[in-house]
Structure formats: structure tokens, C-alpha cells
Amino acid sequence: MTAVTNAINSIFRTDDENAPLNILVLCRNNEKYIELLCHTKHNFYILQNHPWNGFIAKRPENLKDLNPHTPPLDLIICHDRTEQYMEACGLAFNLHVPLVLIDQCSQELMRPHSVIENLQARNIDELINRRPNFSVASSKFIGSSWGYTESTAQIVPLATVERYYADVAESTETYVSMDNNISTETGSVISNIINGQYQLIPTDHENLDDIAVAKSKYFINTYCNVTIKLLEAMAAKNVVICLRNKDTMELITDRKNGILIDNLNQIPSVIRELEHNPILYNSIVDKAKNDMVKNHTLEAFVNGWHNVFSTVRSAFYLPHLEQTRRIQTQ
């Protein structure tokens, strides 16, 4: 299918405001986010060279591989301005469809990266000036750090789903979970720091119904930014342990709904302290779960993305409807 044919077919098809959109998402370690997106009930597609990792999340029924028989695409969603964005721009240009960029971390972090990665921006101005057709930020703080305003970006907070709202199972072991979708080096560093004092369990494995954070009491955030797995651990009443930076400090208040540390070597002493202070432990996990119930619901996430898709449809495909709305509100 040529780019012109795709654009023409898409424009005619999206003239119906209620028709589901056909959306290409770039899938590189974004399975959790894409799984949440699929709850919007639109049609999603991934490139065949970006395979789905079934250890991270179940593949939704409305997520297909892009192939020559795929219907006309309506937009592309990119999750990373440093590693995915140029590829996404090329695809959007060739297919004549709008591009939505999601920023899940602040300009200070530049992109999601592990807690042991020493990342420095080579050309931050180039990253800031990469303006897509539409922008989504996971929080107001992240959006403002990239120079977005209310008129240039929409805020859609990360979410968790109901199956993670479970109390920690009783066990004689003190289980500590961590995101194992990380580099071997990162996993080895944390394992050496724990040094067998506590039982480490991975979040990703072949049985997705066996939820690690439903067993663990503590969750080590192996990324510098706030992740969906971090929210899932909070929802499941784990004490989450994060490196202190502007991104994590926006979500976590130290010793209120989680623990902020300045270096990874503090992890064992923090766990020992909480194991001997059940009152503090319980107050942290109760506050963490309440924050998830209040601020990071799947319903709010889906509604936020419905607004994004409505904006894309109105501005790119149905500008006459947008003009009508403006007249009606004047």
C-alpha cells in the first residue's frame, strides 16, 4: 500500500468519530504500556521486527503484527525520543500519518535507564527540539521539563490494573522483587548487594498469573524513572525502594509511600530497619496502595487516551469538526 493510498483511505475511514483507529505502536520493552493502551479498544499493530515479550505482559487480542494486509493506519505512537523517535518519524512521514510521542521521564534523565547506567545527553537541544504532531507526558512535571504547555501536550498518568491490588501473601521468607527485564550487569550488581540476605524474585517469567509483587514485601526499582511495574508493586502493598531524583521524588515521599535512597548499598539496611519496624512498614504500604487507587487507575488512563485520540482525529482528520466545536464554545 502506497503512502498516498494509506492517507486517503485513512481520512475517509476516520470520518466516523466512533470508528476504532488503527494505531502502530513501537514495541521495544513497552509491553506493559501497550497492554494498557489496548484497553481503549482501538486496533493496535506492532512491527514484526519488534517482537512481543510474553514474559512481561499477555498479548492483547486487539494487538496484531503489521503486514501487507493491515488496514490503513491512522497514527503512530512512539515511547522514546532518543531511540525510537527517528524510526517513528520516518514511518509517519512515509505513511502520511500523525505521530504521538510519549515522554515517561524528565529531560534530566533524557530517557528511561537503569540505576547503574551513567547516562549523559550528547545533544540535549536536539532532543528538546524533536517536536511530534502530538505529545503525551506521564505527569505535569515531565511535560514541563520538556517545555510542554497545556496547549501542546496532554497529561496521561501511568496506571496499574485491578489484579495487582492484592495483599502480600504470608511467608516465612522476606521476598524482594525486582524488574528482571534489565541488563545482566544491573541484576548482578543488585544481587551482590543483597548478598543472599533476602530472597530475590523476578517480576517477569512464563507464568503471568503468578504475580511476583503479590508475594514480595519489597520492590527494588531498577530504573531511574517511575515505571508501571513500580506502580504495580505499590498497588500490591510493597515498599518500593527507588534512587532519589526529581522523577522519583514526584511520586515517592520518603518514608510515607516508599523509600528513597542515595545509593544502592543502602538497600539491605533499609530492609532490615523496616523488618524491625512493622508500624512504619504498614503505614508505607497502606499509603502507597491508597495513592494508586486514587491517582493511577486504569479508568483514568483509558479516559486520558480517549481524549488524546479524539484530539488527533479532530485536528488531523476532521478539522471541520474542531472548527465547529470552537464556534459552539464561543
Side-chain angles (χ1 to χ4, degrees), residues 32-33 36 103-117 119 137-145 155-161 164-168 174-179 181-182 186 190 193-194 198 203 212-214 216-275 277-297 300-301:
K32 287 282 186 180
Y33 202 109
L36 293 172
D103 276 313
Q104 297 185 57
C105 66
S106 67
Q107 178 184 320
E108 181 175 289
L109 294 183
M110 187 172 72
R111 67 166 173 80
H113 59 274
S114 76
V115 293
I116 68 167
E117 187 176 357
L119 186 66
S138 295
S139 70
K140 290 183 179 179
F141 162 71
I142 291 174
S144 63
S145 77
I155 307 301
V156 182
L158 296 175
T160 184
V161 293
Y164 291 96
Y165 291 102
D167 290 331
V168 176
T174 299
Y175 288 112
V176 179
S177 59
M178 69 174 184
D179 185 349
N181 185 35
I182 52 174
T186 304
I190 293 177
I193 289 171
I194 295 295
Y198 306 101
T203 55
V213 291
S216 58
K217 295 179 64 178
Y218 303 91
F219 174 84
I220 300 173
N221 186 34
T222 53
Y223 287 89
C224 291
N225 60 300
V226 173
T227 67
I228 294 174
K229 289 182 180 179
L230 172 62
L231 302 188
E232 291 170 348
M234 294 176 71
K237 299 184 73 171
N238 283 224
V239 171
V240 297
I241 302 173
C242 312
L243 281 184
R244 189 189 311 271
N245 60 53
K246 291 182 179 179
D247 282 49
T248 55
M249 288 172 64
E250 188 193 22
L251 175 72
I252 302 298
T253 301
D254 189 33
R255 295 176 177 269
K256 296 295 183 182
N257 61 349
I259 297 292
L260 295 172
I261 57 176
D262 297 310
N263 63 76
L264 296 177
N265 291 322
Q266 294 177 272
I267 293 173
S269 61
V270 165
I271 296 177
R272 283 196 300 271
E273 177 191 357
L274 291 172
E275 284 293 283
N277 191 343
I279 294 177
L280 177 59
Y281 176 91
N282 288 326
S283 69
I284 291 175
V285 297
D286 287 343
K287 180 68 164 60
K289 182 172 182 176
N290 289 338
D291 288 349
M292 294 303 100
V293 171
K294 181 179 179 180
N295 301 317
H296 295 275
T297 65
F301 179 89

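This is a predicted model, so every value here is computed, not measured.
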* Going by heavy atoms in the side chains, are Leu251 and Met234 under 4.5 Å from each other? -> yes

* Check whether any side-chain heavy atom of Tyr223 sits under 4.5 Å from a side-chain heavy atom of Ile182, and report yes or no. => yes

* Asked: Which heavy atom of Lys237 sits nearest a heavy atom of Val285, and at what distance?
  -> O-CG1, 3.4 Å

* Structure fact -> Scanning both residues in full, the closest heavy-atom pair of Ala235 with Met292 reads N-CG, 3.7 Å

* To do: Evaluate the criterion side-chain contact (heavy atoms from CB on, under 4.5 Å) for residue pair Ser177 and Asn238; output intermediate values, then yes/no.
  => CA-CA 9 Å; Ser177 59; Asn238 283 224; 3.9 Å; yes

* To do: Can you see which heavy atom on His113 is nearest to which on Arg111, and at what distance?
  => ND1-O, 2.8 Å

* What's the spacing between Gln266 CD and Arg244 CZ if we round to 0.5 Å? -> 8.0 Å

* To do: Could you tell me whether a side-chain N or O of Asp179 sits under 3.5 Å from a main-chain N or O of Lys229, the two making a donor and an acceptor?
  => no

* So how far is it from Asn181 CG to Ser114 OG, rounded to the nearest 0.5 Å? -> 11.5 Å

* Asked: Ile220 versus Ile194: any side-chain heavy-atom pair under 4.5 Å?
  -> yes

* Salt bridge Glu275-Lys217, side-chain N to carboxylate O under 4.0 Å -> yes

* Structure fact -> Note: Leu280 and Arg255 closest approach over all heavy atoms is CD2-NH1, 3.5 Å

* How far apart are the C-alpha atoms of Tyr33 and Gln104, what are their side-chain angles, what is the distance that settles it, and do they pass the side-chain contact (heavy atoms from CB on, under 4.5 Å) test? -> CA-CA 10 Å; Tyr33 202 109; Gln104 297 185 57; 3.7 Å; yes

* **Asn282 side chain vs Pro278 backbone, donor-acceptor pair below 3.5 Å** => yes

* Give a yes-or-no answer on whether the side chains of Ser106 and Ser145 include a donor-acceptor pair shorter than 3.5 Å. => no

* For Lys246 against Phe141, the heavy-atom pair lying closest together -> CB-CZ, 3.5 Å

* Asked: To the nearest 0.5 Å, what is the distance between CG (Leu231) and CG (Asn221)?
  -> 9.5 Å

* Can you tell me how far the OH atom of Tyr218 sits from the CD1 atom of Ile284, to the nearest 0.5 Å? -> 8.5 Å

* To do: Measure across Leu264 and Pro268 and return the closest heavy-atom pair with its distance rounded to 0.1 Å.
  => O-CD, 4.3 Å

* Hey, which of Tyr165, Phe219, Tyr164 is the one that makes side chain to side chain contact (heavy atoms under 4.5 Å, CB included) with Glu232? -> Tyr164

* Asked: Ile252 versus Asn257: any side-chain heavy-atom pair under 4.5 Å?
  -> yes

* Output the distance between atom CG (Leu260) and atom CD1 (Ile241), rounded to the nearest 0.5 Å. => 10.5 Å

* Might you work through the side-chain contact (heavy atoms from CB on, under 4.5 Å) test for Ile193 and Asn265, ending with a clear yes or no? => CA-CA 6 Å; Ile193 289 171; Asn265 291 322; 3.7 Å; yes

* **Any side-chain heavy-atom pair of Thr248 and Leu243 under 4.5 Å** => no

* Just wondering, do Leu158 and Leu230 contact through their side chains at under 4.5 Å, heavy atoms? -> no

* Separation of Lys32 NZ from Thr203 OG1 (nearest 0.5 Å) -> 7.0 Å

* Asked: What do the steps show when you test Ile259 against Leu274 for side-chain contact (heavy atoms from CB on, under 4.5 Å), and what is the final call?
  -> CA-CA 10 Å; Ile259 297 292; Leu274 291 172; 4.2 Å; yes

